[in-house]
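To start, the structure itself, in structure tokens.
We use all heavy atoms of the structure for the numbers below, so side chains are in, but hydrogens, waters and symmetry mates are not. Just so you know, residue 1 is the first one in the sequence shown, and it goes up from there.
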Amino acid sequence: MTTKSRRVTAGAALLVLPLALAACGSSSGGSSTSAAAPAASSSSADAMASPSTDAMDPMSQVFGTACADVPTDGPGSFDGMATDPVATAASNNPALSTLVTAVKEAGLVDSLNTADGITVFAPTNDAFAALDKATLDKAMADPKGLLTTVLTYHVVPGMLTPADLAGTHTTLQGGTLTVAGSGEDFTVNSSAKVVCGNVPTANATVYLIDNVLLPS
């Protein structure tokens with residue numbers, strides 16, 4: 001082989017080497033990108049499997065102007081009430097202190113706390129204050145009779161969502177009550193308005209109302 005031929009061959013080899021290295025680098029980079037893809041997919045799957053914060057937040061479920069009066073933290077807050085059975089939850093809510101006193105007088109605390117899924121239409125303190133005093137005094141004087149009748153008239157079997165609320169429902173007292181409305185606007189027996197609704201407790205859904213319901 002001539003000297004000129006050797007120079008041409010060596011030059012060609014030098015040109016081929018960088019091209020081969022570049023090709024290897026490109027192949028390696030492609031493999032790295034492919035390997036990272038499953039990790040991204042796994043992360044996306046985990047995000048989809050995790051419930052949203054709003055779905056887990058009791059405050060995101062409630063509605064009504066009186067909800068603003070509920071404590072923002074502690075046992076009487078929506079978060080606190082969600083973990084307690086209904087009578088205990090109500091006892092921690094300042095707006096329901098009169099109702100809780102009546103429930104204790106009637107001896108219904110254990111019955112309500114151990115009930116398996118109920119809906120409670122809970123009159124606020126203002127609702128009891130608006131009730132005729134003679135009627136309230138008469139009920140409180142007969143805790144195992146009239147008072148129990150009135151209180152159990154406010155309780156319906158099953159945990160009713162707002163979508164299930166409208167209609168006629170049989171109460172634990174044995175009578176019926178009728179709820180009208182939709183969305184976030186409901187009235188009970190045409191006399192009581194839901195002022196804070198869809199409040200979760202451990203065994204009940206609570207709808208605070210602005211009037212005491214009296215069975216016929």
State, with a plain yes or no, whether a side-chain heavy atom of [X] is found less than 4.5 Å away from one of [Y].
X	Y	value
M140	L147	yes
L112	P85	no
V70	N93	yes

Side chain to side chain contact (heavy atoms under 4.5 Å, CB included) between L214 and Y153, intermediate numbers included: CA-CA 7 Å; L214 299 175; Y153 182 67; over 6 Å; no
Can you check side chain to side chain contact (heavy atoms under 4.5 Å, CB included) on F121 and L165, steps first, answer last? CA-CA 11 Å; F121 294 93; L165 201 56; 3.9 Å; yes
Check for a donor-acceptor pair, side chain of [X] on one end and backbone N or O of [Y] on the other, with a separation under 3.5 Å.
X	Y	answer
K144	A106	yes
T124	A127	yes
T148	P143	yes
N189	L177	no
N125	S97	yes
Y207	V195	no

How long is the gap from [atom1] on [X] to [atom2] on [Y], to the nearest 0.5 Å?
X	Y	atom1	atom2	value
F128	D210	CZ	CG	12.5 Å
D79	T72	CG	OG1	9.5 Å
L151	L146	CG	CG	9.0 Å

Please check if V100 and I209 belong to a single hydrophobic cluster, counting links between Ile, Leu, Val, Met, Phe, Trp and Tyr side chain heavy atoms closer than 4.5 Å.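 In one cluster with V100: I209, no.
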If you compare all heavy atoms of A204 against all heavy atoms of V120, which two are closest, and at what distance to 0.1 Å?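 Residues A204 and V120, closest heavy atoms: CB-CG2, 4.5 Å.
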Nearest non-hydrogen partners of P71 and G76, listed with the distance: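 That closest heavy-atom pairing would be CD-O, 3.6 Å.
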For the side-chain contact (heavy atoms from CB on, under 4.5 Å) test, which of D84, V206, T88 pairs with T201?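 The single option meeting the side-chain contact (heavy atoms from CB on, under 4.5 Å) with T201 is V206.
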Could you give the side-chain donor-acceptor pairs of residues 155-164 under 3.5 Å, partners two or more places apart or in another chain?
{"unit_1": "T161", "atom_1": "OG1", "unit_2": "A163", "atom_2": "N", "d": "3.4"}
{"unit_1": "T161", "atom_1": "OG1", "unit_2": "D164", "atom_2": "N", "d": "3.4"}
{"unit_1": "T161", "atom_1": "OG1", "unit_2": "D164", "atom_2": "OD2", "d": "3.0"}

Listing request: all salt bridge (charged side-chain N to carboxylate O under 4.0 Å, His left out) pairs with a residue in residues 108-135, at least two apart in sequence or in separate chains.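 Sorted result for residues 108-135: K133-D137.
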Do you see a donor-acceptor pair shorter than 3.5 Å between the side chains of T178 and T168?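 Yes, because at least one side-chain N or O of T178 sits under 3.5 Å from a partner of the opposite role on T168.
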